[in-house]
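Here the structure is laid out as structure tokens; the discussion comes afterwards.
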There are 4 protein chains.
Amino acid sequence: MGRKSNTEERRMQIVNALLRVMTKKGYEGATIQAIAAEAGLTPGLIHYHFKAKREILLALVEYVVSIGETRYRMLSVDAQTPQQQLRAFVDARLALGKGADPEAVKAWVLIGAEAVRVDDVRELYCEAIAMQMKELAQLLWNIAGDRLAAEDIRKLAAMVLATMEGAYQLAVTNPDSMPKNFAAEMVMETIVKACGGEFSTAKPAPPGRRRKGDAR
Amino acid sequence: MGRKSNTEERRMQIVNALLRVMTKKGYEGATIQAIAAEAGLTPGLIHYHFKAKREILLALVEYVVSIGETRYRMLSVDAQTPQQQLRAFVDARLALGKGADPEAVKAWVLIGAEAVRVDDVRELYCEAIAMQMKELAQLLWNIAGDRLAAEDIRKLAAMVLATMEGAYQLAVTNPDSMPKNFAAEMVMETIVKACGGEFSTAKPAPPGRRRKGDAR
Amino acid sequence: MGRKSNTEERRMQIVNALLRVMTKKGYEGATIQAIAAEAGLTPGLIHYHFKAKREILLALVEYVVSIGETRYRMLSVDAQTPQQQLRAFVDARLALGKGADPEAVKAWVLIGAEAVRVDDVRELYCEAIAMQMKELAQLLWNIAGDRLAAEDIRKLAAMVLATMEGAYQLAVTNPDSMPKNFAAEMVMETIVKACGGEFSTAKPAPPGRRRKGDAR
Amino acid sequence: MGRKSNTEERRMQIVNALLRVMTKKGYEGATIQAIAAEAGLTPGLIHYHFKAKREILLALVEYVVSIGETRYRMLSVDAQTPQQQLRAFVDARLALGKGADPEAVKAWVLIGAEAVRVDDVRELYCEAIAMQMKELAQLLWNIAGDRLAAEDIRKLAAMVLATMEGAYQLAVTNPDSMPKNFAAEMVMETIVKACGGEFSTAKPAPPGRRRKGDAR
DNA sequence: GATGAATGAGGTTTCATTCAT
DNA sequence: TATGAATGAAACCTCATTCAT
């Protein structure tokens, strides 16, 4: 009896539509009409699944955060040494290649701007940053915990995160005038030097091979 | 005949009002009426001095850019060595201290987001970034031109600019959870290491004393 | 085959929900969704039992009217003299005590306002008023038919009804600043004086005793 | 320099439009569009002069209250005895004749219904009722202060006010089936009887004649 | 230069009602 | 009977811009 709920699919559909519209028109410019059109739905239905426009944005923040986390998890599956994990962390956020999603990067920059003045958004944004800070500090600790003071690790992690956020900004506004893929490269180099410079930054063996017979 | 033109004052008044309102409500939320109220003017008068709202934003971009440039000029007045000039460059953009204007930083982050999708804004934004890129590369060349390839200098400069932009973003969204003043410190350290690590990053002697009767 | 119809329960459930929601949000503010929520049902089901929202209102009018009639019948069960019946009539509508339902009074006032401009509602409202007018005039006739002209009885009845309607209005808007229970008291007194002032207004013997073995 | 404000006229225009539209469609049905059309203005302009629709309603409440007060003041200009003043009070509110405004009466009934659940409206409504209560009690005191206890005067006043409010309700919903002008007549009679029945309820001499050269 | 009324397009949101399940 | 998604009209309100004064 009754009808099966499709709310989750619809919500994802709508969130994705917001992402695409936002990159073209910004959050304010992403009208409910435009989102609905992009999603192939009606405006009324948008409000059936989201109480207010702001809530779609919050869902989008979580979604974009999850994209980065997912990419990190995928890239670190085959990372065995701390160094390889660090490389996965940096690549997940900065390397272009497969899985990089320029639309999502644009959206993240716009979200960062909303976070400046919208409490709800800032909360989620800061949460995501804090999570990355923790992860990164842990990775750095694994690598250079014996050589660097905790405070220095925190500062290094903060700088790396700042560089990442700024690299997004420059990438989406100056797509042509920045050196290609400078960010991932320079960040790794910086970390290596800050940590004492002795470890290899080679990527882990490509995961393709291992996947054979690997349930995952 | 008649009144002396006060257009320039009025325009500055309005641009400043936009800056303050934007940090609270964003650009779209900064309505002409709100800007007028903040400036103590009337909506009609805003349009007498600016043909359209967008033009106020463009004027604001130029204004915020000029704040940074001015600060750099002031800090570099007493810089004699290339190293001191670099230090001034970094401090102008990242050090807190005197002249740092948190509202302007917020505005800059918001401007960066507008630059993602608004052509006029992006043009000015990129111009400003390109200018800094050029200045910074020149400084780095002066310091380490003999040791680093041009391409490496460009990458280093790009990374430093990215770190700056990202540091703004984190500073205005995570004012409390970032290590205090990590950005200026870490950026200098990174540059030093990248350049070979042999130069002093000491600030130039404070200008106060020397200025007296010192023509230089 | 199959399910036993629960239409009547459901309708009553819905009407009651409208009553409660209306007192908080008014008729227009009582959305189908709100009524459904209050009733613990779904919006779709509301329209299964009532073709349109307006029909719930009409059902509510009849229900609230019936509350008053029921209360009158209960209070007049033990009334033997015309005077006692009159007393029951007034108490049924104005006395606080047992069975008085402040929510229903609020709803009645709101219904009165709808009756001002909605034909269907006005029809039921006027019917109810006309019915009370007739009952009241009959009671007055029984009491003072020999002393008062028919026209005077009608006027007296009209005034009493007006006082009742107004008392509801004042009771629900000025719950604290009106003298306690002034309405029932003053109305009885007014009627007595208008009728010549010779009859007792004592309540009939309390029904409590009779209830034993009384099916009702 | 600048433009002369016409806000007060416009507001009155809008309030009057709400009054007229409300009597046809109720408050919720009185859409901004409809009000604007009735006033011959544009919807945008409505919101230029009133921040929100609700504020028009509040202004209307004050306006309708003032109609009653004005009518009372006009009718009592020539009232010399307390009895004549009382008569003016009752006639101002209940007599049909010149100056009676059926639209305003309808509006008042609708306002009463809003007062049931909207705090702002209730506040103004109760204020108006309290004011009348005070005035009426004073008049009754002047007439029968020596014969009635203060508490009885309050109850009598409350009943009179209730009768008035209810008479409005019945008048606008049962325009044909109520005895003509029963309310003013019966209320005066009731008061007279309650006060001991010795005073004349004659109207004061019509004001037209006396005004001539009569400084008073 | 300056004011403040006025406009009109367009935004978000609400909601009675319908309908597939 | 019952559910809950879906619709589309319409509501309130905002706001950049224009214009008479």
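Every chain is numbered from 1, with letters handed out A, B, ... down the list of sequences.
OP1 or OP2 of E:dG1 sits under 4.0 Å from a side-chain N or O of B:Thr7. When the side-chain nitrogen and oxygen atoms of B:His49 are compared with OP1 and OP2 of E:dA2, one or more of them lie within a distance under 4.0 Å. Contact check, C:His47 against E:dT17: a side-chain N or O comes under 4.0 Å of OP1 or OP2. At the phosphate of F:dT21, neither OP1 nor OP2 sits under 4.0 Å from any side-chain N or O atom of D:Asn6.
Between A:Lys51 atom NZ and E:dT12 atom P the separation is 17 Å, expressed in whole Å. Atom pair C:Phe50:CZ and F:dT1:P shows a separation of 14 Å (rounding to whole Å applied). To the nearest angstrom, C1' of F:dT1 lies 13 Å from CD of C:Gln13. Separating the CD1 atom of C:Ile46 from the P atom of F:dT1 is a distance of 15 Å, rounded to the nearest angstrom. Residue A:Arg54 contributes atom CZ, which lies 17 Å from atom P of E:dG11 at whole-angstrom precision. A:Glu8 has its CD atom 11 Å from the P atom of F:dA5, to the nearest Å. Spacing between atom CD of B:Glu55 and atom P of F:dA16 amounts to 14 Å, rounded to whole angstrom units. As a whole-Å value, the separation of B:Ile14 CD1 from F:dT17 P is 13 Å.
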Decide yes or no on side-chain contact (heavy atoms from CB on, under 4.5 Å) for C:Asn16 and C:Tyr63, but give the supporting numbers first. CA-CA 9 Å; C:Asn16 257 299; C:Tyr63 171 58; 4.0 Å; yes
Is there a salt bridge (Lys or Arg N to Asp or Glu O under 4.0 Å) between B:Lys25 and A:Glu28? Walk through the geometry before answering. CA-CA 11 Å; B:Lys25 323 225 201 184; A:Glu28 296 290 337; over 6 Å; no
Tell me, with the steps shown, if B:Glu38 and B:Lys24 meet salt bridge (Lys or Arg N to Asp or Glu O under 4.0 Å). CA-CA 12 Å; B:Glu38 179 79 30; B:Lys24 282 174 254 157; 3.4 Å; yes
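With hydrogens and angles ignored, the 3.5 Å screen pairs no side-chain donor or acceptor of D:Arg117 with any backbone N or O of C:Thr23. Checked by atom type and distance alone, the side chain of D:Glu55 never pairs as donor or acceptor with a backbone atom of D:Phe50 at under 3.5 Å.
Nearest to the side chain of B:Gln33, among E:dG1, E:dA16, F:dT17, sits F:dT17. Closest to the A:Lys53 side chain, of the nucleotides E:dA5, E:dT18, E:dT13, is E:dT13. Listed candidates were E:dT18, E:dA6, E:dG1. Nearest to the side chain of B:Leu45 is E:dG1. The side chain of B:Ile32 has F:dA16 as its nearest neighbour among F:dA16, E:dT12, F:dA6. Here the nucleotide nearest the side chain of B:Thr42, chosen from F:dC13, E:dA2, F:dA11, is E:dA2. Comparing F:dC13, F:dA2, E:dT17 by their closest approach to the side chain of C:Arg10 singles out F:dA2. Distances were taken from every side-chain heavy atom of D:Arg3 (C-beta onward) to each of E:dG1, E:dA6, F:dT17; the shortest belongs to E:dA6.
Mapping D:Glu28 and B:Thr31 onto DNA chain F by nearest heavy atom places D:Glu28 at the nucleotide closer to the 5' end. Both A:Ala30 and D:Leu41 lie close to DNA chain E; mapped to their nearest nucleotides by heavy-atom distance, the more 5′-ward contact belongs to D:Leu41. The residue among C:Gly44 and D:Gly44 whose nearest nucleotide of DNA chain F is located toward the 5' end is C:Gly44. Judged by closest nucleotide on DNA chain E, D:Ser5 is the one of A:Tyr48 and D:Ser5 placed further toward the 5' end.
A 3.5 Å limit on both hydrogen-bonding distances identifies F:dT18 as the Watson-Crick or G-U partner of E:dA5.
Because its NZ or CZ atom is not both nearer than 6.0 Å to the ring centre of C:Tyr168 and within 45° of the ring axis, C:Lys106 does not count as a cation-pi partner of that residue.
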